[in-house]
Undergrad: 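What follows is a single structure, and I will ask about it in a moment.
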Amino acid sequence: MNASIDCKSCHNEQCLIKKNCLTEEAIPYLEQKLMVKAKKNQPFILEGAPVHGLYFIYKGKVKVAKTGINGKEQIVRLCQDGEIIGHRGFGVGQFYHISAVAIEDIMLCNFSNEVINNMLQKVPQLSYNMMLFYAEELNRSENKVRKIAQMTVREKVIDAILYMNRKFGQTNNLLNIQLSRKEIADFAGTTDEQVIRVISSLKKEGILIAQGKRLGIVKLDKLKNEIKEHNFFLDS
DNA sequence: GCATTAATTGGTC
DNA sequence: GACCAATTAATGC
């Protein structure tokens with residue numbers, strides 16, 4: 001549980017901690033980092049649970065979701081190595097208003113509320129970069145609202161698949177992330193049946209290939225072309 | 001191999 | 001375009 005890996009030797013160069021906290025004053029806090037494992041499909045942040053600090057993904061993929069009224073999930077974002085999770089919980093917030101679930105077996109770094117607060121006070125670069133991160137997240141979130149409201153189902157599914165490709169890439173013509181149709185639906189803001197229908201017609205059109213859960217993009221340009229009028233700005 | 005879960009298809013509102 | 005039901009494929013144990 002706590003065979004902590006030194007941040008100095010961490011492979012995640014883009015991690016906010018790695019980038020900003022290898023300074024003298026931050027070292028004592030880094031030593032208080034906890035490392036935890038989570039198995040596939042295991043939630044490590046529960047919506048409504050008391051905030052227990054800030055997480056960074058050491059290795060693996062995670063979905064961050066918000067639960068709606070009739071049990072409908074909205075996947076807010078997908079994360080991988082080096083990314084931060086649980087940032088909206090700490091500070092003023094007492095409870096998480098998102099949940100985070102491991103998509104595969106993962107390893108996490110956790111900083112307690114106290115440690116992270118102290119670090120933010122001591123390391124201005126960290127605070128500054130966190131602020132940039134928040135601003136970007138807000139932008140994304142605003143874009144996402146617009147997309148869900150204005151795109152057709154087909155466009156939303158395509159947008160979700162393109163996001164998966166942008167973020168995780170493809171090897172051997174297959175996406176490096178496996179989501180169920182349901183998860184794609186929860187991300188795109190529609191239902192799994194609709195996702196299946198869009199995927200199967202994209203298959204017939206020769207734009208996509210699918211072997212069970214695994215999806216592969218064959219004609220990326222065609223896919224991009226379908227939603228080009230929505231992409232005034234990049235990410236979702 | 002069997003049993004549970006996910007993917008798919010068709011139909012209704 | 002969501003929800004429901006039935007069938008089939010995939011996957012876990």
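Not measured: the values here are computed from a predicted model. Just so you know, these numbers use all the heavy atoms, side chains as well, and skip hydrogens, waters and symmetry mates.
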Undergrad: Strictly distance-based, threshold 3.5 Å: is any side-chain N or O of A:Lys18 a donor or acceptor partner for the main-chain N or O of A:His11?
TA: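 Side chain of A:Lys18 to backbone of A:His11, a donor-acceptor pair under 3.5 Å: no, none is there.
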Undergrad: Looking only at non-hydrogen atoms, find the nearest pair between A:Ala188 and A:Ile148 and report the distance.
TA: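 Nearest heavy atoms, A:Ala188 then A:Ile148: O-CG1, 3.9 Å.
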Undergrad: Counting only heavy atoms not in A:Asn172 (residues, nucleotides, ligands), do more than 12 fall under 6.0 Å from its CG?
TA: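 Check fails, neighbour count at 12 or below.
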Undergrad: Could you give the CD-to-C1' distance, from A:Gln178 to B:dT5, as a whole number of Å?
TA: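 From A:Gln178 CD to B:dT5 C1': 15 Å.
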Undergrad: Report the distance from atom CD1 of A:Ile199 to atom P of B:dA7, rounded to the nearest whole Å.
TA: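 Going from CD1 in A:Ile199 over to P in B:dA7 covers 9 Å.
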Undergrad: Could you state the CD1-P distance from A:Ile209 to B:dA7, rounded to the nearest angstrom?
TA: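 Whole-Å distance recorded here is 17 Å.
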Undergrad: Using modelled atom types only, decide if a donor and an acceptor are shared between the side chain of A:His97 and the backbone of A:Phe95 within a distance under 3.5 Å.
TA: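 Side chain of A:His97 to backbone of A:Phe95, a donor-acceptor pair under 3.5 Å: no, none is there.
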Undergrad: Specify the separation, in whole Å, of atom CD of A:Gln211 and atom P of C:dA9.
TA: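 Those two atoms, CD and P, are 16 Å apart.
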Undergrad: Might you list the N or O atoms of the protein lying below 3.5 Å from N or O atoms in nucleotides 9-13 of chain B, with each pair's distance?
TA:
unit_1	atom_1	unit_2	atom_2	d
B:dG10	N7	A:Arg197	NH2	2.3
B:dG10	O6	A:Arg197	NH2	3.4

Undergrad: Send over the distance from A:Arg214 CZ to B:dA7 C1', rounded to a whole Å.
TA: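 Taking atom C1' of B:dA7 as the reference, CZ of A:Arg214 is at 14 Å.
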Undergrad: Please report the distance, rounded to the nearest Å, between CD in A:Gln194 and C1' in C:dC4.
TA: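 Those two atoms, CD and C1', are 14 Å apart.
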Undergrad: Could you state the atom-to-atom distance from CD of A:Glu183 to C1' of B:dT5 in whole Å?
TA: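 After rounding, the gap between these two atoms is 13 Å.
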Undergrad: Just do the side-chain contact (heavy atoms from CB on, under 4.5 Å) check on A:Leu215 and A:Leu179 with the steps written out, would you?
TA: CA-CA 9 Å; A:Leu215 293 178; A:Leu179 294 179; over 6 Å; no
Undergrad: Would you kindly say whether A:Asn225 and A:Lys228 are connected by a side-chain donor-acceptor distance under 3.5 Å?
TA: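 Looking only at side-chain atoms, A:Lys228 and A:Asn225 do form a donor-acceptor pair, the distance falling under 3.5 Å.
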Undergrad: Starting from C1' on C:dC4, measure out to CG on A:Asp192 and report it in whole angstrom.
TA: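 Distance check: A:Asp192 CG to C:dC4 C1' gives 12 Å.
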Undergrad: Would you kindly compare A:Lys40 and A:Thr191 by the position of their nearest DNA chain C nucleotide and give the one closer to the 5′ end?
TA: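 The residue closer to the strand's 5' end, by nearest nucleotide, is A:Thr191.
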